[in-house]
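Below: one structure, written as structure tokens.
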Amino acid sequence: MPATSIVSAFRVTTLFCVATLSLCSVGCGKKSQPDTQTPAGAPAQPSSTSAQPTAPAAPTGPVPSFSAANKVGLYTNPGSGQSHDQQLIDESNCYNSAQQQTGVNPDTPAPQPPSSADVQAAQAQAADAAPQQRGGRARGAARGAVGGAVIGGIAGDAGTGAAVGATAGTVRGGRQQRKANAAAKDQASAQGGAQVQQQYQSQKAAYDQQLNTFKRAFTACMDARGYSVK
């Protein structure tokens, strides 16, 4: 065989071996790499770079130990992710602001209804001050004497008739006077008790109106800070 043929055959064999080795290297490299493709229909895995929940901001001042809203019968809910400590701070600030704007001190106690002793005292005072009639017995005696004299004159003894009529008139006049005075005392007593109740109702209505004014100012302040108030 000529030398050129031998050299050509050697080159062809060498190229074949190199190509075979290259193919093997590529195939092995692909097998060693993990398959990162998600199979069709499989749920997507969460990304490690997804957004994490934002922590509430730190309180902006000293935290009160109580809820200012609860002091006046209100309840607040944060609408912008405020922390509980920040809510207490905002409630305290709005409480003070509403007090300055309205001039109402919600810490003032509500008026108390009158007790039975208060009502009885007012009734007794009014009864004592009730106007009382005087001279009923004398007027009765005079009217009785006149009537008795007329009757006695018919019978032939006007003097005796007048005396009898005066006595009867005195008794009758005194009885009528006592009844009138007792009725006046009862009426005054009832009015005195009713007046005490009316004074309490008037004071309570004024207190409720002032407290409602304060609550509206407080609610408006909390609404502006992103809270709902009930």
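- In the hydrophobic clustering of ILVMFWY residues, with side-chain heavy atoms under 4.5 Å counting as a link, Val104 and Val229 come out together.
- How far CG of Asp208 is from CD of Gln203: 12.0 Å, rounded to the nearest 0.5 Å.
- Within the structure, the salt bridge (Lys or Arg N to Asp or Glu O under 4.0 Å) test picks out the following pairs touching residues 209-226 (sequence neighbours left out): Asp90-Arg225.
- Between the side chains of Gln201 and Gln197, no donor N or O sits under 3.5 Å from an acceptor N or O.
- Note on residues 186-230: pairs passing disulfide (SG to SG under 2.5 Å), not counting sequence neighbours, are Cys94-Cys221.
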Start with the C-alpha distance between Gln87 and Glu91, add both sets of side-chain angles, then the distance that settles side chain to side chain donor-acceptor pair (under 3.5 Å), and finish with yes or no. CA-CA 6 Å; Gln87 177 179 332; Glu91 287 181 2; 3.2 Å; yes
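- With rounding to the nearest 0.5 angstrom, the CD atom of Gln187 is 5.0 Å from the CD atom of Gln191.
- Judged by distance alone, with hydrogens and angles left aside, the side-chain atoms of Thr108 form a donor-acceptor pair with the main-chain N or O of Asn105 at under 3.5 Å.
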Checking Tyr75 against Asn70 for the side-chain contact (heavy atoms from CB on, under 4.5 Å) test, could you report, in this order, the C-alpha distance in whole Å, the side-chain angles of both residues, the deciding distance, and whether it holds? CA-CA 6 Å; Tyr75 300 90; Asn70 293 164; 3.4 Å; yes
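- Hydrophobic clustering keeps Leu88 apart from Phe218 (ILVMFWY residues linked when any side-chain heavy atoms are closer than 4.5 Å, directly or through intermediates).
- The CG atom of Asp107 sits 6.5 Å away from atom CD of Gln99, with the distance rounded to the nearest 0.5 Å.
- Closest approach of Ala122 to Gly192, counting heavy atoms only: CB-O, 3.8 Å.
- Taking each heavy atom of Tyr200 and Pro111 in turn, the nearest pair found is CE1-O, 3.4 Å.
- Residues Pro62 and Ile89 share a closest heavy-atom pair of O-CG1, 3.4 Å.
- Nearest heavy-atom pair across Phe214 and Pro106 is CZ-CG, 3.5 Å.
- The backbone N or O of Ala121 sits nowhere less than 3.5 Å from a side-chain atom of Gln123 that would complete a donor-acceptor pair.
- Taken to the nearest 0.5 Å, the OG atom of Ser116 stands 5.5 Å off from the CD atom of Gln120.
- In the model, Ser115 has a side-chain atom that pairs as donor or acceptor with a side-chain atom of Asp118 under 3.5 Å.
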Check step by step if side-chain contact (heavy atoms from CB on, under 4.5 Å) holds for Val72 and Tyr95. CA-CA 10 Å; Val72 291; Tyr95 187 94; 4.2 Å; yes
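- Smallest separation of non-hydrogen atoms from Thr76 and Ala69: CG2-CB, 4.0 Å.
- Closest heavy-atom contact between Ala217 and Gln101: CB-OE1, 4.1 Å.
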